[in-house]
2 protein chains.
Amino acid sequence: MNPAASTESPVLDHTGLAPLFAPRGIAIVGASRSPEKLGAAMARSLRGFADRGGHLALVNARDADMYDSVRAAAAAGPVELAMICVPAPACPQILAEAAAAGVRAAVICGGGFAEAGGDGVVLQRELAEIVGHTGIRLLGPNTSGFLVPPAGLTASFVPGVAQVPAGRIAVVAASGGVNHALAFLLTEAGHGLSLAVGLGNGVDVTAPDVLDYLANDPHTAAVALHVESVADGPKLVRAVRALTVRTPVVALVVGRHDIGAFAASHTGALATSWRTTRAALAQAGAVLVEDERELIDAVGALAIGRARPGPDPGVGVVTAQAGPGLLLLDDLRGRRADVPELSPATRSAVSALLPPLTFQRNPVDTGRPGPEFGRVLAAVAGDPGVSVLAGYALHEPDAVDLVAAARQARGTGIPLVLGVGGTGPQVTGVRRALLQAGVAVAIDPRGVAAATGALLADARARHRASVLDPVTSTDLLIDAGRYDENEAKGLLDRLGIATTRRRVCPDRASAHRALDELGGPVAVKVLDAAVLHKTEIGGVHLGVRRGPDLDTALDALESVGARRFLVEAMAPAGVDLVIGARRDPVFGPIVLLGLGGTTAEALADVCVRLAPLAVSEAATMSDELAGRALLDGWRGGPRVDRLELGRAIAALGGLLATQPGLAEIEVNPLRLTAAGLVALDAVVLTREANDGQPDR
Amino acid sequence: MNPAASTESPVLDHTGLAPLFAPRGIAIVGASRSPEKLGAAMARSLRGFADRGGHLALVNARDADMYDSVRAAAAAGPVELAMICVPAPACPQILAEAAAAGVRAAVICGGGFAEAGGDGVVLQRELAEIVGHTGIRLLGPNTSGFLVPPAGLTASFVPGVAQVPAGRIAVVAASGGVNHALAFLLTEAGHGLSLAVGLGNGVDVTAPDVLDYLANDPHTAAVALHVESVADGPKLVRAVRALTVRTPVVALVVGRHDIGAFAASHTGALATSWRTTRAALAQAGAVLVEDERELIDAVGALAIGRARPGPDPGVGVVTAQAGPGLLLLDDLRGRRADVPELSPATRSAVSALLPPLTFQRNPVDTGRPGPEFGRVLAAVAGDPGVSVLAGYALHEPDAVDLVAAARQARGTGIPLVLGVGGTGPQVTGVRRALLQAGVAVAIDPRGVAAATGALLADARARHRASVLDPVTSTDLLIDAGRYDENEAKGLLDRLGIATTRRRVCPDRASAHRALDELGGPVAVKVLDAAVLHKTEIGGVHLGVRRGPDLDTALDALESVGARRFLVEAMAPAGVDLVIGARRDPVFGPIVLLGLGGTTAEALADVCVRLAPLAVSEAATMSDELAGRALLDGWRGGPRVDRLELGRAIAALGGLLATQPGLAEIEVNPLRLTAAGLVALDAVVLTREANDGQPDR
């Protein structure tokens, strides 16, 4: 069978990647008879492609039994992909020759390019130029390749990849090593792969290209995405957003902690923050995970089926042993899963099946399970408040047939995740049979929780995507030049963000009149667009009630150079927040929400989203803050109106996204009071006023 | 072979648990011919015990082929352990009969006791009374039993337990289900077990008993401890402290999140907080983990060998693939592992082995490994700054023999953790061979990080234990009655904790004199031992500089009922902390450290230790705060002296631990200033003054 015939790979290729991932023929340039050489290892790996009838041509000008050039190989049969296995300095010439010979894709596995610095940077630039001139698609350099198990195509030098079975999960990894590590972990977990690719230095083919390709790949039911750095944020976001409509994506982003020096040596410095990359991927519809183990559990579950979209889908938990059930519940709570009390009808059904000794409200603890286990699973899965069913049981074949039991619950149509504890081939067999039966499987409670959490996150993301209506702000025009606090607040007024009553005072007399008009206590501030940090220079005096106090304040302000003053009514006490919008160098306009004060700042307790964004999306941001309890009536304090806060954040984001002249806008603090949100200070930086400084 | 002969189980049994875990004979009471019955399952499981020559007696009065009573079974051969497989209501009588027949230990697997409520509570009390009267040791009820693989003893009804191989890891789990889940996970990871027990309701045998037993078990090299609730905190702490001198303990504590209702239905309400339980276990020398997967990685590594004790042991990282190496480094950084730059000698040795393209400072990225891999591992392991070596490689047998390579590094004597990526039996074989060679093994970067983190935590804990010298305070005597702020601060003065200059003012005139003496600005407060929350009633006025302002403040204080005033010099600005000591209902005296302010409070950013404690131990507490950056010169602010802070905390803890009359002492805020720490307010609650309220 020829795996590469286009009738067998019905991928609609807008991306130009079909010659890479579904080539009709492959040339190995730098093929070798020395078994330890890269070219020899690659030839061994690609034997399966030839065995299936693919045209596999070995090219080595110094070996009489091989083709002496790509051109010669291409003359003998179709060559769409060149695997270039020669030292780095020879790669550009080979790539150019391949392109000239009509080859449409190439892979360079070797290192010695940009990641090595020096001459490697030049070599990599040469590769980029050839790609630019010829249109050949290039994977790598500095990658261990890719595999397409459904086509028997293992274009990787790593041994063992031929053991990776065909299936429905795709891996798109920044690194060749991680690509293989994930492919092997998925294999061990009983999954098969549709495609697995490591991008390496990503001179040409990057993650969004592969994601676009996968959007039309009928073999792929879920994608595991590993991200180290992002070259083009909007392109990645577009690709993930388009793909997740049909195919779930689970993303693992490296770089939570400082790994800079080593990372830079690998594939270049991380260009944006871990936090912003994660926020962008989540907003585009991807499910985020914390480590590679959760990635396996999550993508394994999502490849089997997604939960119905919803703002807060409920989980039904059924456990055959209370102890593992507690571990599972504890973990689910940490993921903020909703584990709702079951409906009276469900509780009645369950109580008819179980002895009264057990806990049945949700979680349902069956005690040692028997033949009723399947009916319990089905009853809980059928509860109207349950969108995902999560279960755990030790393998006790004498007591219960878990596969048959799970099949009973599958009838309800909601996703089922079942943890099966045990050891030995019989247990492995049960786990595989469950996968075959359309049940997501884990080996421990944490795996069940990770898989369940992923199903919930995906369902929430799809719900959010269905109501998206980003706020934009094209009717306002940002003036060039600097904004003082009064002008910045004027902008907030027009955006519908409340500010305090205020008077601009060009002299002391007008300040006294303002105090009379506003009534004490007032805030008295230096008003000067050139002063960005008023408090630090002593430019803010709060709680001024009477004339003499005002004079004291004005004396102090004049002593630090104030020519004009802003006199404002004091806001009531409350909880201070910070909101803002700025431009990320990789992802473009973003909005931020944080708690005010140094503690929150030291904790970096900040939530980020891409802008523009819908009010409903912005309204979810406060739930991600570690200190969110402060916004919900902490100690009798005010309770935030999430929509009001969302409107304010979305307004800032919409303004920044639609006003190219605006560099940054920040409201700090935005105070949460019993009467709602009010902006106490604001800074607007236009690009012109930003003095040519690079965007932050 | 009789597994139970005392010559073969050289356990010095101070605990009375030898008849349970190393019995010479076993009676199954409630044995059955119906294969689905508990008694039948137990007989199947214990067949191995009989096969090894142990006396196994089946007891069922209604079956003529079985013994009609425990007494009859005991007459026919030694019976030290009774497995009681009868319904709950019959259990007390059987237990009493067994004790009367001279049986010294029993297991009740069935449920229907305290966890079921109602009559079950009464039944459980009856069991406790029989244990109390007779001295028989009882495991359970409500547990699936235990296993001792080295003795071929599987006293559990769960099928498959006989497949758990003998080895050097013990599991002590609160729950029978978790016990089995962990035993199976360890088996799958290639480990063998010395003992695995689920405690169930813990009427008699609890975790400390088993830990004491294991302290003298030569088979056990490391212990996995699963904790749901703690009945006797000090007993648990003593057991862990004694055991960890020789044998590492890894602890997983359930209940981070709210799982109360289900937990209560399982084995009783959680009596203390998750946080305090974790702190107590860590202080006693246990290594804490976050989930059962890390538990497996951690205990697996520690069973092979411990790192040398040290305050901050360094990790050498060697990776054959950069991508997985980045995942590993990122994870290690999150565990605050020290990954030090390698010494010049090591770097020189490494650079002689590797091509110049790779990163070699630590992590060392070998690029695709070859025969030099072992020498690289050995060079890094031999670095003077490296106490643990963590590595990762894909399985590439054509390129490198990982087992031989790891053996080279083992020569340095430091623990080696190696992650091996790959799939199939050959890879499993390499992992097993590495374990045999004394190398800890993981399947992924996270597993390497978890194992490495455990080795580091254990090394740090042993270092701390070696310098322990708890602060006590027997020369101070706490007076009965209430303490006002001045008296509380007098106590702090005597403890060596700095306070501000202050004057007790019985009237307004003395307050004015105090202002003159201290100079402004001053704080003016109500002084009344009955007022615990001065600020909330308007009892605190700050920044009072002049006589008229003082009169305004005194007016206000008198209007809220103040009869006496405290006038104090204002402290300089700084970062506010909270320290305190109180009595935990389960663990007794504890100390707390947190950041001041509502944000920190809402985040529950608090660190706990048992008291009394050494200054060196207390000095480590601030490093556990999420907001610790605030204490290290945040934005040019003051930098905490950890020893000064440790002395203050240890002093409070020492006072509480040695003064039975003291209920609680709290300094809030303790301000970190450029000149050091100063207490701005303090509350002392004596037990008498606590008005009979229960301890918090």
Side-chain angles (χ1 to χ4, degrees), chain A residues 36 111-112 116 158-160 163 174-175 177-178 180-181 184-185 187-188 228 254-259 262-263 265-266 291-293 321-324 326-327 329-330 333-334 357 359 363 367 394-398 421-424 444-446 595 597-600 602-603 626-627 629-630 634, chain B residues 36 111-112 116 158-160 163 174-175 177-178 180-181 184-185 187-188 228 254-259 262-263 265-266 291-293 321-324 326-327 329-330 333-334 357 359 363 367 394-398 421-424 444-446 595 597-600 602-603 626-627 629-630 634:
Chain A
E36 78 287 358
V158 178
Q163 295 177 49
S175 130
V178 172
H180 284 82
F184 293 138
L185 288 171
T187 301
E188 295 276 294
E228 286 179 354
V254 187
R256 178 175 207 139
H257 306 285
D258 177 19
I259 52 170
F262 182 34
S265 79
H266 181 32
D291 61 62
E292 65 273 20
R293 297 177 178 186
Q321 287 83 26
L326 274 176
L327 285 170
L329 180 63
D330 201 12
R333 291 253 192 265
L357 302 179
F359 195 84
L394 292 173
H395 173 65
E396 299 189 65
D398 300 338
T423 187
D444 50 21
R446 185 161 192 92
L595 287 168
T598 48
T599 303
L603 290 167
L630 283 172
W634 179 259
Chain B
E36 78 287 357
V158 178
Q163 295 178 49
S175 129
V178 172
H180 284 83
F184 292 137
L185 288 171
T187 300
E188 294 277 294
E228 286 178 353
V254 187
R256 180 174 205 137
H257 307 285
D258 178 17
I259 53 171
F262 183 33
S265 81
H266 182 29
D291 60 63
E292 63 273 20
R293 297 177 178 186
Q321 287 83 27
L326 274 175
L327 286 171
L329 180 63
D330 201 12
R333 291 251 191 267
L357 301 180
F359 195 83
L394 292 173
H395 174 65
E396 298 189 66
D398 299 338
T423 187
D444 51 19
R446 185 161 191 91
L595 288 168
T598 47
T599 303
L603 290 167
L630 283 173
W634 180 258

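Just so it is clear: chains get the letters A, B, ... in the order the sequence lines come, proteins before strands, and each one is counted from 1.
- Put simply, of B:Leu595, B:Thr187, B:Leu394, the one with the most heavy-atom pairs under 4.5 Å next to chain A is B:Leu394.
- Side chains of A:Glu36 and B:Asp398 form no contact here, defined as non-hydrogen atoms less than 4.5 Å apart.
- Counting only distance, with no hydrogens or angles, the side chain of B:Glu188 and the backbone of A:Gly424 share a donor-acceptor pair below 3.5 Å.
- Here B:Arg293 is the residue among B:Arg293, B:Glu396, B:Arg333 with the most heavy-atom pairs under 4.5 Å with chain A.
- Using a 4.0 Å cut-off between charged nitrogen and carboxylate oxygen, B:Asp291 and A:Arg446 count as a salt-bridge pair.
- Interface remark: of the candidates B:Gly627, B:Gly597, B:Ala600, B:Pro363, B:Pro363 forms the most heavy-atom pairs closer than 4.5 Å to chain A.
- Side-chain N or O atoms of A:Asp330 include one that pairs as donor or acceptor with a backbone N or O of B:Gly255 at under 3.5 Å.
- Put simply, of A:Gly111, A:Gly112, A:Pro445, the one with the most heavy-atom pairs under 4.5 Å next to chain B is A:Pro445.
- Taking 4.5 Å as the limit, every side-chain heavy atom of A:Pro159 sits out of range of all side-chain heavy atoms of B:His395.
- Among the candidates B:Ala629, B:Gly334, B:Ala181, the residue making the largest number of heavy-atom pairs closer than 4.5 Å to chain A is B:Gly334.
- Across every non-hydrogen atom of A:Leu630 and B:Ala602, the tightest pair is CG-CB, 3.4 Å.
- If you tally non-hydrogen atom pairs under 4.5 Å between each of B:Ala626, B:Gly160, B:Gly421 and chain A, the highest count goes to B:Ala626.
- With rounding to the nearest 0.5 Å, the separation of CG in B:Asp444 from CD in A:Glu292 is 4.5 Å.
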